[in-house]
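Worth saying up front: this structure is predicted, and the values here are computed from it rather than measured. Both backbone and side-chain heavy atoms feed into the values below; hydrogens, waters and symmetry mates do not. Counting starts at 1 for both ligands and their atoms, in listed order.
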Amino acid sequence: MNSLMMDSQLTITSIMKHADRLNGNSEIVSVTADNPNHRYSYKDAFRRVRQLANAMQTVGFKPGDRIATLAWNDYRHFELYYAISCSGQVCHTINPRLFAEQIAFIINHAEDKWVFTDPLFVPLLEQLQERLPAVQGYVVMTDKQHMPQTSLANAHCYETFIADQPDTFDWPDLDENSPSSMCYTSGTTGDPKGVVYSHRSTVLHSLVASFPDAMNLSANDVIMPVVPMFHVNAWGTAYNGPMVGAKLVFPGPKMADGETLTRLINNEKVSCALGVPTVWLALVDYLNRSGETVESLKNVVVGGAACPLSLMKEMDKQGVRMNVAWGMTEMSPLGCCNTPMDWMQDLSEQEFDVQRVKAGRLVYGVEMKIVDADNNELPWDAVSSGTLLVKGPWVCSAYYKLDKPLLDKDGWFNTGDMAAIDKYGYVTITDRVKDVIKSGGEWISSIEVENAAMAHPDVQEAAVIGVPDPKWTERPLLIVIPREGVEANKDSILQSLQGKIAKWWIPEDCAFVSEIPHTATGKISKKDLRQQFADHSLQ
Ligand code: AMP
């Protein structure tokens, strides 16, 4: 017997067509390099997407071509997402914060044919262009008036590129398994690795990510992705926003600027915003200094790194609920979400705090298990901590052009994270495998020590790394940026950890710094810190 359902392909084109027809009046508001307040409707956006698709066809883009973007979050980047993927090419978003050498490596590895760039990154590309033999042309994402003088070969101005093109386009019928977009991750050892998403994986991820117990999105929402569009498709918001019909607010280059974020939230009535903890630390800091409030903001999806409880409590004071999400580039990115459950109302404040900082529960579609060093599955008892393995339709099965098998023999992908899972299915990320500190043969979770240290009133930011120790092999070192204007005392900070974490986890020493290095995606760069403190002797 066969099923009698239609065989409709799950494509990004279907999201675009639905949003164009049903949600055409929803707005997209952007900050761009050439306009701090650009606004138009989905209808306008998709009309320009069709013009862009015509322009791309005119200059000879072919199905399967990789087309790179080096850009912040704004409406032109949004247009590129749809024009590239829906006409059968692969939208390759690149992180412009990476080192120039890494960007060149990534463009060459992906064999990108064209590069669309914000004006800001033109000098960088000028410097690199001789090393990018496969690139046939560049389009600068601006208008004629702001088009910079450039030595880039075959350079076009975006607005001129699309200006005279017809606003109708015959979208091809795409196979749902065809590649739609790609993103390189440097969260692995060695060179950055390419993750290739499909139309199907993108649509399925968007559906599930919108669920009430995931990102909780609806047509009534105003969504502000503060996570960059070059980092796992802004966690999918450029797709699930149009899918549900929400208004979108793109903050452009001013991602971590508390004042800009506050202005956008209040002017545009943002109800849901997404980003890494660093961004929300900046927002809270600005709100505390200015006395301003963010009345409309109810739901902040925070992920990419563990969210300190102290930050959640600061946001509570603003009436904002921080909902932790966990995932990774290889997972499109969503794996787990932590949204409030009715049963949590019966917990004491302390028990609730324990629960809310967890990475959350698995969303439908992804499977997971934790295993020990011998690949034995560990129980979900909140205590056993092991390597976290996942599988599912939006989890990558191989890295681009890397022959080495990525999955184990049963098809599981190793996330490189260590986790414990409680009886309710709530996951706690105990560490990244390469960040774990091994002391006397036992693991220390740097994340938990950092979270505990962050609760001290004098601590602005904290990081913990393992430094060599003759007796224990490694011991933790706490590195702290003190809050501005305070005379921080290391004994007081180390003392405050007593009772919050295991005694033997308490760092031997605390070093004060004025800056903690971050990776291009906003995470603390443990690798850089380890180098910086390689010769540190514990007190
Ligand atoms: P990326 O691929 O750059 O998005 O990084 C994914 C990695 O970020 C994961 O494997 C985790 O190590 C880390 N990560 C993401 N979300 C969380 C979270 N909620 N808590 C702790 N670590 C996280």
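Ion pairing between Arg76 and Glu79 fails under the 4.0 Å rule for side-chain N and carboxylate O. A salt bridge is absent between Asp410 and Lys369; no separation between the charged side-chain nitrogens and carboxylate oxygens falls under 4.0 Å.
Ligand 1 has no N or O atom lying under 3.5 Å from any N or O atom of Val232, backbone or side chain. For ligand 1, the polar-atom distance check against Met328 finds no nitrogen or oxygen pair separated by under 3.5 Å.
Atoms of ligand 1 lying under 4.0 Å from at least one heavy atom of Val324, given by number and element, are 19 (N). Interface atoms of ligand 1 facing His231, defined by a heavy-atom separation under 4.0 Å, are 1 (P), 3 (O), 4 (O). Taking every non-hydrogen atom of Lys523 and a distance limit under 4.0 Å, the qualifying atoms of ligand 1 come out as 3 (O), 5 (O), 8 (O). Which parts of ligand 1 touch Ala325 is read off a 4.0 Å heavy-atom cut-off, strictly below it: atoms 16 (N), 18 (C), 19 (N). Taking every non-hydrogen atom of Thr329 and a distance limit under 4.0 Å, the qualifying atoms of ligand 1 come out as 1 (P), 2 (O), 3 (O), 4 (O). If you number the atoms of ligand 1 from 1 as listed, the ones under 4.0 Å from a heavy atom of Gly327 come out as 6 (C), 7 (C), 9 (C), 15 (C), 16 (N).
Thr519 contributes a side-chain N or O that, together with a main-chain N or O of Lys523, makes up a donor-acceptor pair within less than 3.5 Å. No donor-acceptor pair under 3.5 Å is formed between the side chain of Asp74 and the backbone N or O of Phe250. Put simply, the side chain of Glu176 never gets that close to the backbone of Arg200: no donor and acceptor are under 3.5 Å apart.
Only the side chain of Asp417 comes within 4.0 Å of ligand 1, counting heavy atoms alone; its backbone N, CA, C and O stay farther away.
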Quick one, Thr329 with Tyr197, criterion side-chain contact (heavy atoms from CB on, under 4.5 Å). Give me CA distance, side-chain angles, the key distance, then yes/no. CA-CA 10 Å; Thr329 307; Tyr197 309 102; 3.4 Å; yes
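Within the 4.0 Å heavy-atom shell around ligand 1 one does not find Pro333.
Between the side chains of Ser201 and Ser332, no donor-acceptor pair is found at a separation under 3.5 Å.
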